[in-house]
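Encoded as structure tokens, the structure appears first; notes follow it.
We name chains A, B, ... by the order of the sequence lines, and we start the count at 1 in each one.
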Protein chains: 2
Amino acid sequence: MKVSTKARYGLRLMMALANRYGQGTAFLKDIARDQELSEKYLSHIVMELRAAGLVNAFRGSNGGYVLAREPYAITVGDVVKTLEDMMPVNCVREPAVCGRVELCSANEVWRRLGEAISTTLNQITLADMLAWSRQKNENYVMYYL
Amino acid sequence: MKVSTKARYGLRLMMALANRYGQGTAFLKDIARDQELSEKYLSHIVMELRAAGLVNAFRGSNGGYVLAREPYAITVGDVVKTLEDMMPVNCVREPAVCGRVELCSANEVWRRLGEAISTTLNQITLADMLAWSRQKNENYVMYYL
DNA sequence: ACTATTCCTATTGTATTAGTATGAATATAT
DNA sequence: ATATATTCATACTAATACAATAGGAATAGT
Ligand code: FES
Ligand code: FES
């Protein structure tokens, strides 16, 4: 039960964009360098985020990416669910997978788990994360002064 | 973010034992047949459950397995956490994995997610599941009479 | 002794995930 | 126009984790 690196990288990418929201587009190249991630791999990820309407893309020289909405209007759930399936088991949505779902009590366990996961991630916005990050950064700087 | 089949099978195995709790030992062979799972594969799983103190084993002819505690005293969390890691990301427990955890706000997201997962699974007992299952079974039988 | 079970270790198979390669399409700037 | 810098699209390869099997040793009843 691990979240994929795709989702983790995707969230970091979104945070990089959130962090400079309002300051124009960012090149994938720069984000990849800053976050120390493969640009090629990130390009797959950002394309999915674009298809999901979470970022806007501009092609050509001086192109780049921007967040499609303000940070408070994008949740971690939005990001994660476009990059991987947040339902921890298939038989909740497709009862056909396990025979005799009517009799299976495990099904209810996984349904509740799925609900807990999405509830948790849906209630954290990128703006929340920005606030945490800035607070952490303050403490960090203070500590090392 | 899927729960492994190991954990899913393990839970079904535990439910099979819970369902006949108080009626002596069960052979793995029979459980495997009833649940339509590979006995070989189940044998790995049940060994881990035994090592975790969730089932007791008896060797030799007329051996078998029994639940180590009463169904209300075993949670789904107990079962799942012995069969896979319930923490969805490594850097929560081992901050060294990602550099600069102090500055990373994603860390807090995964910490909360891990908490939601274990809270959810820890509060469901095998007895709860038995109750659901019996209720479902009643409805099922009624419906098809 | 015989049989039926659990226990142990090693190996193989399979699917998913992670990452790379290559080049086309597109927009800007000179 | 041409050069350049970016995103876009598709195909391929590599690495890892997961699922399952194989073969036999240990153990305990009959
Ligand atoms: S219906 Fe899928 S776990 Fe039982
Ligand atoms: S510290 Fe692990 S996600 Fe940032």
Side-chain angles (χ1 to χ4, degrees), chain A residues 1-13 16-17 24-33 35-68 80 82-90 97, chain B residues 1-13 16-17 24-33 35-68 80 82-90 97:
Chain A
M1 216 177 343
K2 286 273 185 279
V3 4
S4 63
T5 81
K6 201 159 133 188
R8 284 186 289 113
Y9 289 3
L11 187 56
R12 284 166 69 181
L13 168 59
L17 291 179
T25 67
F27 302 144
L28 201 58
K29 184 175 53 165
D30 296 330
I31 296 176
R33 180 177 23 75
Q35 301 280 331
E36 296 178 321
L37 301 174
S38 149
E39 180 184 352
K40 281 290 178 194
Y41 192 34
L42 269 190
S43 78
H44 290 297
I45 294 172
V46 78
M47 277 171 49
E48 296 185 43
L49 294 169
R50 176 177 172 273
L54 296 176
V55 307
N56 292 330
F58 300 92
R59 298 169 67 139
S61 193
N62 285 358
Y65 298 94
V66 289
L67 236 49
V80 172
T82 94
L83 297 171
E84 72 177 74
D85 187 0
M86 295 202 312
M87 182 58 72
V89 108
N90 290 324
V97 181
Chain B
M1 211 175 347
K2 285 274 185 282
V3 3
S4 64
T5 81
K6 203 160 132 186
R8 284 185 289 113
Y9 290 4
L11 187 57
R12 284 166 68 181
L13 169 59
L17 291 178
T25 66
F27 301 144
L28 200 58
K29 184 176 50 164
D30 296 331
I31 296 177
R33 181 176 23 75
Q35 301 281 331
E36 295 178 322
L37 301 174
S38 147
E39 179 181 353
K40 279 289 182 194
Y41 192 36
L42 270 189
S43 79
H44 290 295
I45 294 173
V46 79
M47 276 170 50
E48 295 184 44
L49 293 170
R50 175 176 172 275
L54 296 177
V55 307
N56 292 329
F58 300 93
R59 300 170 66 141
S61 194
N62 284 358
Y65 298 95
V66 288
L67 236 49
V80 172
T82 92
L83 298 172
E84 73 178 72
D85 187 1
M86 295 203 312
M87 183 57 72
V89 107
N90 291 322
V97 180

Nearest heavy atoms of A:A32 and A:S38, plus distance in Å: CB-C, 4.4 Å
Value in whole Å for how far the P atom of C:dT22 lies from CD of A:E39: 15 Å
5' priority, DNA chain C, between B:D30 and A:V3 [closest heavy atom]: B:D30
Partners passing ring-ring contact (aromatic ring centres under 6.0 Å, His included) against B:F58 (at least two apart in sequence or in another chain): none
Spatial distance of atom CD1 (B:I45) from atom CG (B:L37) [nearest 0.5 Å]: 7.5 Å
Polar side-chain atom of A:K2 near backbone of B:M87 as donor-acceptor pair, under 3.5 Å: yes
Between D:dA19 (P) and B:E84 (CD): distance, integer Å: 8 Å
Table of protein N/O atoms under 3.5 Å from nucleotides 28-30 of chain D N/O atoms:
{"unit_1": "D:dT30", "atom_1": "OP1", "unit_2": "B:N62", "atom_2": "ND2", "d": "3.3"}

For atom CZ of B:R33 and atom P of C:dT5, their distance in whole Å: 10 Å
Distance below 4.0 Å between B:S4 side-chain N/O and D:dA17 OP1 or OP2: no
Terminal axis angle for the helix from C:dA1-D:dT30 to C:dT30-D:dA1, five pairs an end, nearest 10 degrees: 10°
B:A52 to B:T82 - nearest heavy-atom pair and separation: CB-CG2, 3.6 Å
Atom-to-atom span, CG of B:L28 to C1' of C:dC7 - whole angstrom: 11 Å
Pair listing, salt bridge (charged side-chain N to carboxylate O under 4.0 Å, His left out) test, anchored in residues 41-57 of chain A, at least two apart: A:K6-A:E48
Nucleotide C:dT17, atom C1' - distance to NZ of B:K2 in whole Å: 14 Å
Atom pair CG/OG of B:L13 and B:S43 - distance to nearest 0.5 Å: 10.5 Å
Any residue meeting ring-ring contact (aromatic ring centres under 6.0 Å, His included) with B:Y65, in chain and number order, not counting sequence neighbours: none
Rounded distance (Å) that lies between atom P of D:dC18 and atom CG of B:L83: 12 Å
Closest to the A:K40 side chain, choosing from D:dT6, D:dG24, C:dT20: C:dT20
From OH (A:Y9) to NE2 (A:H44), nearest 0.5 Å: 13.5 Å
Phosphate contact (D:dC8 OP1 or OP2) by A:Y65 side-chain N/O below 4.0 Å: yes
Check: A:T25 side chain, A:G63 main-chain N or O, donor-acceptor pair, under 3.5 Å: yes
Distance test, side-chain N/O of B:K29 to OP1/OP2 of C:dA4, below 4.0 Å: no
Protein-nucleotide distance (B:K6, atom NZ; D:dA17, atom P), rounded to Å: 13 Å
Pairwise side-chain contact, B:S4 with B:L83, heavy-atom cut-off 4.5 Å (strictly under): no
Donor-acceptor pair, side chain of A:E84 and main chain of A:V3, under 3.5 angstrom: no
Residues from residues 41-58 of chain A lying under 4.0 Å of DNA chain C - heavy atoms: A:Y41, A:H44
Between D:dC8 (C1') and A:F27 (CZ): distance, integer Å: 16 Å
